[in-house]
Amino acid sequence: MKGFKKLFGWLVMLTIPFLLAGCESNLIVFDPKGPVARSLTDLIIFSIIFMLVIVIVVFALFGYIVWKYRARSDDGNFEPEEEKGNHLLEIIWFTIPVIIVIALMIPTTKTIYEVEDVPQGYEEEEPLVIHVTSADWKWIFSYPDQDIETVNYLNIPADHPVQFKMTSAGTMQSFWVPELGGQKYTMANMQTNLFLVADRPGSYYGRNTSFNGKGYAHMDFEVQALSQDDFNDWVQEVHDTANTLTEEKYSEILEPTVIGRMTFNNTHLEWIDHAHGGSEKYLNPELYRISHGHEDHEGHDEKSEEETDSNEDQTKTEPSQSEDHAHH
Amino acid sequence: MTSHANNMPLEYKTQQSQMNILGFWVFLGAEIVLFSTLFASYFVLEHNTAGGPTGQDIFILKDVLIETFLLLTSSFTCGLAIHSMRSHHKTGLMVWTIVTLLLGAGFLYMEINEFIHYVHEGASIQTSGFTAAFFTLLGTHGAHVTFGIFWISLLLIQLARRGITEKTASKFFIASLYWHFLDVVWIFIFTFVYLKGMVM
Amino acid sequence: MSTKTNHFPWNHLIGFVLSIALTLLAVFVAFNTDFSKTVIVWVIGILAIFQALIQLFMFMHVTEGKEGMINVVNMVYSIFLALVIVFGSIWVLTSGHAAMH
Amino acid sequence: MSLDEFFVTGDPLILASQIAIGLTMIGLIALITYLKRWKWLWNEWFTTVDHKKIGIMYIISGVLMFFRGGVDGLLMKAQTSRPELEFLDAQHYDEIFTTHGVIMILFMAMPLLIGLMNVVIPLQIGARDVAFPKLNALSFWLFFAGAMLFNVSFVIGGSPDAGWTSYFPLAGKEFTPGVGNNYYAIALQIAGIGTLATGINFVVTIIKMRAPGMTWMRLPIFVWSTFITSIIIVAAFPIFTVALAYMTLDRLFGTHFFTVANGGDPMLWLNLFWLWGHPEVYIVVLPAFGMFSEVIATFARKNLYGYKSMVYAVAGIAFLSMLVWVHHFYTMGNSAAVNSIFSLTTMMIAIPTGVKIFNWLFTLRKGRIEFSTAMLWSLAFIPCFTIGGVTGVMLAMAAADYQYHNTMFLVAHFHYVLIPGVVFAVFAGLYYWWPKMFGFKLNEKIGKWHFWLFVIGFNMTFMPMFFVGLDGMSRRMYTYSASTGWAGWLGFSAIGSIILAAGFAALCYNIYWSFRYASRDVGNDPWNGRTLEWATASPAPHYNFAKVPEVDRLDAYWYMKKEGNTGLKKSDLKPVHMPSNSWTPIFLAVVFGVVGFFLVFEWFTLAILASIGIVVGLVANSFDYDDGYHISVEELADEEREWRGDLQ
Ligand code: HEA
Ligand code: HEA
Ligand code: CUA
Ligand SMILES: [Cu+2]
């Protein structure tokens, strides 16, 4: 048994720094930057309190019972009495969970309904509509009213509701900006809806969480919340400097690649909205064929290559932030 | 082993036969789940015709009704076969079973023709979500009928060789459950695929 | 129930006649009445369930054998599953965003 | 198709394992030939219909698959141990988590549990075998054919790479044109048919073959959980059969069930997959609950507390299990009403599960707890599984799930239920029933090493995943950048997985050691058990019980021992009827495997030709009137005399 104790002690030592590190850092889900995410975080914290109580009760009972009733050399090898059960106790540990479930259910339902709509306090404002089209392995954002399209980054006005109308050009993806709100799937031939608001200007991490093939790990994007003025300036600047997206260029973008950011002064909605079918004409199974082994490592090299390659049709108001997963 | 089963029909005589029959009922439970999945998928995909033909465009009531009557009658004759079996009437069992199989074959013949007709109308299994679900639901039922015909034919050979025994009786009884079950499935296909498809 | 059943198979005959009649009735309801489509589907659906019950009880003898009760429970449970699968799938896949297509 | 497309080549890692596999195979075949064991293998194992041998074959396959799945797990842990490692590329990582998930759930958890069910259930109900012994053999061989077909993908043609959930459209031919996902569709179909047959078999066995006097409320709790699990199998597997058939049709025959084009609906796949997939996770956990109950009662030296409410709880979980599937895709854009209802049904499962947890605790209370290895696993299960369970409830709250879905938080949840719930149970079951299978115990001291290394390693591996998940790391990412700040968590987790692997190695060593050195003198009842399997010899004789015991209450054997009536009179013996061995199950399974292989490569002519074998097998089976054989009273008496002193 000595061996185990040593091992155990050693492991505890090893664990402590990590646990401390965990407490220090701000886990992204607990660090909401907008009203939608905040209501989810509130719900999560509410549930965690219940779960902690349950875990503590079970652990305490467990520890106590296992310690107290362990076999000992001096217990005369007694034979425990048989017990049938106890109705009162059984009713108790049936009823309390029922109550907990009800207690969890009420705010859950409330929140489910709440996040389907424009966030509270913003009902009066006309949401900015952005069409999200996910493809392998990039995000395409279209601003129909501004007549702008961006790839792999998203600028929104802060403190203003944004309505995302989401679809996919092929595989299924999930649009997630954890600091602003929960995720939702994007699917070809269909449209899903999501409302988000950012409290104040800032940069937020967004990504796909629904696995969709080789480039999936790199399928992230940055959300920049700008003040309304900055946002308007940006729109103006795009109109002044960005190139026009052609159908040809668009089908090139839809090929399965990992690419950098792009900006255009029109939108692909002019010729196709993937929510209403027609995606299949952009698909080419041959491009998805894999040959085993002699695969070069997908990702970075290719990504930066693409970035320079397509630099001509990019407008950058920010210093280039290639592949920025940082969010702390 | 047989003591408690004296007042039961022959097919329930041995413990093993009872287990076989019970097991088959449980299997039919699984079949109900299987077919309801096929139905559920059909209902979900029913309207996804992708510009191809709809049910209304292609279904022909007359043919479907003939298929229905063939199958209903075969279910009836199958019942008569088991009735004969329980009266230890080997020839009756033989004859009614053969009639059942012939009716089943007639049904299959009609169904295959129906499918060929649909393909000519431009509705093959590859046409759309709707046709995929339609042909798979109908095809699974048809494949069951086909399998049943082969299986029961094998039983007929065994019957001819061995006569009505505890074993052959329980095999025939199980086959009859299968056959009636296929009739039940067909009733739902008739109602919710054909009739509903033609009126809605 | 006895080992020898020599009597005329009345219940098979009745079952058969009923099933033919119910089928024709369903066709009649579907094509020759002017109920709304929903009503029609409900009516023919109920007729189909009747027919299925006829097969189950008159032809398949669900309740016989030592496990009659178990067979019935098995069938009831399977039908419950069928309803969950069919109505559940339809509900899940056609409400929500799909309703907005 | 060119040869280098057929054989997977190029990657040194794969190449090395291919060579290793090849050499092992050749070595094995040579060894068997050298020892002249082919005939023995064929007669004693390949054609056997004995539930105990079938169970053992399930267990061996399960342990092998655990090794394969475990190596996959370690590879993943290595790849993500540091940011931007280039140990595995994206494609390779994708294949590995896919095969890991499939193998762990379908080819590790299922066979190990079904294996233990096979060994134990007939013994616990005092039966000579299962209701359909030949079908049972077929189940095993179909499972085995499916597992082999699935594993072959890694050498020939390429592994599936769309996740164990294989969501469409990704899993469709447009996006994964290789043969990998054909393997998924067809191998799982073959194995699934075997599982369905197992379900039917055990339902009938438990209804019809209980010992005289064993009424429903006198069933050992493991029998109850097996019975209810079997019902879920019968209820859920046909759904998977259909879903896989659709997948096959879409991939091989160009239909449009789930495609982007021509009116397919990928959401239908999600719906059908989880209509099966959710019940599936309870299929693996309920038998495990049953085993824990047996072990806890035995080593607390007390009867199970609240037996009836335990039974109702299992039934309740089973009932609810069919009503919660949508919780796997709350984020699909369902209506708020759908998400609310499914949140409710999902959370309700916490209630019967809680009843079980508290009944286990109260079984321990006032007991005399012996820390045997089997018991240690059952004890560790309680706190670990509670963590997995309460995080499950957090996931069940749809709105909150919008933040957890498909993150490492989810990955942590399901390892925290699957490993304590299933793997610990399998370990507990193996230590507990090992003597019944082989006639000797596994070493308790090595067992403790196995236990501590595994439990500590497990917590270290998976606890950090909750935190990276909450920090925005999604699942199935083969790499991440250093700026995310996840590296510390994941590095720690990777270290944990090495300890975990050392635990598994300790198990392997234990098996080896015990085979060679453990005492063969364990008696029929080494743990002072409560149920009927301990009333017969260890290892159990092929006929199980010379005379089927009569049961007059719950835990009958416990009281038989107390009242001293475990004896046997020769005059009570009657000849025992036994089923004969059969070649059809293994034959059919091999044919299924071959047909499956041809279908994977879309060689339809060959597939049709090979299918003739299926017809041959079925016809042969239909004409098989073999009635088995009888063991005479003399033989029985001789065998019984060998282990019991009390044969009169
Ligand atoms: C053995 C396997 C197993 C088990 C037992 C469970 C048990 C549970 N699971 Fe888990 N689950 C999986 C395996 C399992 N799960 C897998 C494999 C996945 C992911 C698949 C994939 O996507 O790849 C998954 C995913 C998963 C999701 C999907 C999340 C997502 O994709 O976003 C959800 C959501 O509701 C969920 C919920 C639950 C719940 C509520 C339970 C409950 O049954 C837990 C009940 C237990 C307790 C709650 C603890 C004990 C109870 C008490 C002490 C009483 C008091 C407690 C309360 C009142 C709360 N699980
Ligand atoms: C019962 C089911 C089960 C079990 C037991 C495990 C066990 C393990 N799993 Fe699990 N896992 C799943 C089911 C399971 N898993 C599922 C369903 C998924 C989802 C797949 C998907 O996304 O599609 C998943 C996904 C998954 C991921 C997520 C991948 C991702 O999303 O990026 C990871 C990552 O680390 C992981 C790791 C592990 C590890 C380290 C173990 C360890 O516990 C393994 C321990 C075992 C060993 C270590 C054995 C090998 C031992 C040795 C090699 C030692 C030497 C031995 C000798 C000398 C004899 N698993
Ligand atoms: Cu997804 Cu409509
Ligand atoms: Cu689930």
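Chain letters run A, B, ... following the sequence lines, proteins first, then strands; residues in each count from 1.
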Could you tell me which portion of [X] (side chain, backbone, both or neither) has an atom closer than 4.5 angstrom to a non-hydrogen atom of chain B?
X      : answer
D:V619 : both
D:L249 : side chain
D:L275 : neither
D:I207 : side chain
D:V234 : both

What part of B:V26 lies closer than 4.5 angstrom to a heavy atom of chain D: side chain, backbone, both or neither? both
With a 4.5 angstrom heavy-atom cut-off, which part of B:L45 approaches chain D: side chain, backbone, both or neither? side chain
Roughly how far, to the nearest 0.5 Å, is CZ of D:F623 from CG of B:L155? 8.0 Å
For chain D, the option from B:A132, B:A133, B:G29 that forms the most heavy-atom pairs under 4.5 Å: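 Looking at each of B:A132, B:A133, B:G29 in turn, B:A132 comes out on top.
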With chain D, the option among B:I157, B:L38, B:V44 that has the most non-hydrogen atom pairs under 4.5 Å is B:L38
What one should report as the nearest heavy-atom pair of D:I200 and B:G23 is CG2-O, 3.6 Å
Minimal heavy-atom distance between D:G263 and B:A50, with the atoms involved, is N-CB, 3.8 Å
Out of D:F257, D:F258, D:F237, which one racks up the most heavy-atom pairs below 4.5 Å with chain B? D:F257
Pick whichever of D:A197, D:A235, D:G264, D:A243 has the most heavy-atom pairs under 4.5 Å with chain B.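 Highest number of pairs under 4.5 Å: D:A235.
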Looking only at N and O atoms, which donor-acceptor pairs between chain B and chain D are within less than 3.5 angstrom?
{"unit_1": "B:Q15", "atom_1": "NE2", "unit_2": "D:K208", "atom_2": "O", "d": "3.0"}
{"unit_1": "B:Q16", "atom_1": "NE2", "unit_2": "D:A131", "atom_2": "O", "d": "3.2"}
{"unit_1": "B:Q18", "atom_1": "OE1", "unit_2": "D:K208", "atom_2": "NZ", "d": "2.5"}
{"unit_1": "B:S41", "atom_1": "OG", "unit_2": "D:Y246", "atom_2": "OH", "d": "3.1"}
{"unit_1": "B:N48", "atom_1": "ND2", "unit_2": "D:G263", "atom_2": "O", "d": "3.0"}
{"unit_1": "B:Q126", "atom_1": "O", "unit_2": "D:H256", "atom_2": "NE2", "d": "3.3"}
{"unit_1": "B:Q126", "atom_1": "NE2", "unit_2": "D:F253", "atom_2": "O", "d": "2.7"}
{"unit_1": "B:T127", "atom_1": "O", "unit_2": "D:N262", "atom_2": "ND2", "d": "3.1"}
{"unit_1": "B:G129", "atom_1": "N", "unit_2": "D:N262", "atom_2": "O", "d": "3.0"}
{"unit_1": "B:Q158", "atom_1": "OE1", "unit_2": "D:Y625", "atom_2": "OH", "d": "2.7"}
{"unit_1": "B:Q158", "atom_1": "NE2", "unit_2": "D:S622", "atom_2": "O", "d": "3.1"}
{"unit_1": "B:Q158", "atom_1": "NE2", "unit_2": "D:S622", "atom_2": "OG", "d": "2.8"}
{"unit_1": "B:K167", "atom_1": "NZ", "unit_2": "D:D627", "atom_2": "OD1", "d": "3.1"}
{"unit_1": "B:K171", "atom_1": "NZ", "unit_2": "D:S622", "atom_2": "O", "d": "2.7"}

Taking only heavy atoms into account, what residues of residues 94-106 of chain B are found under 4.5 Å from chain D? none
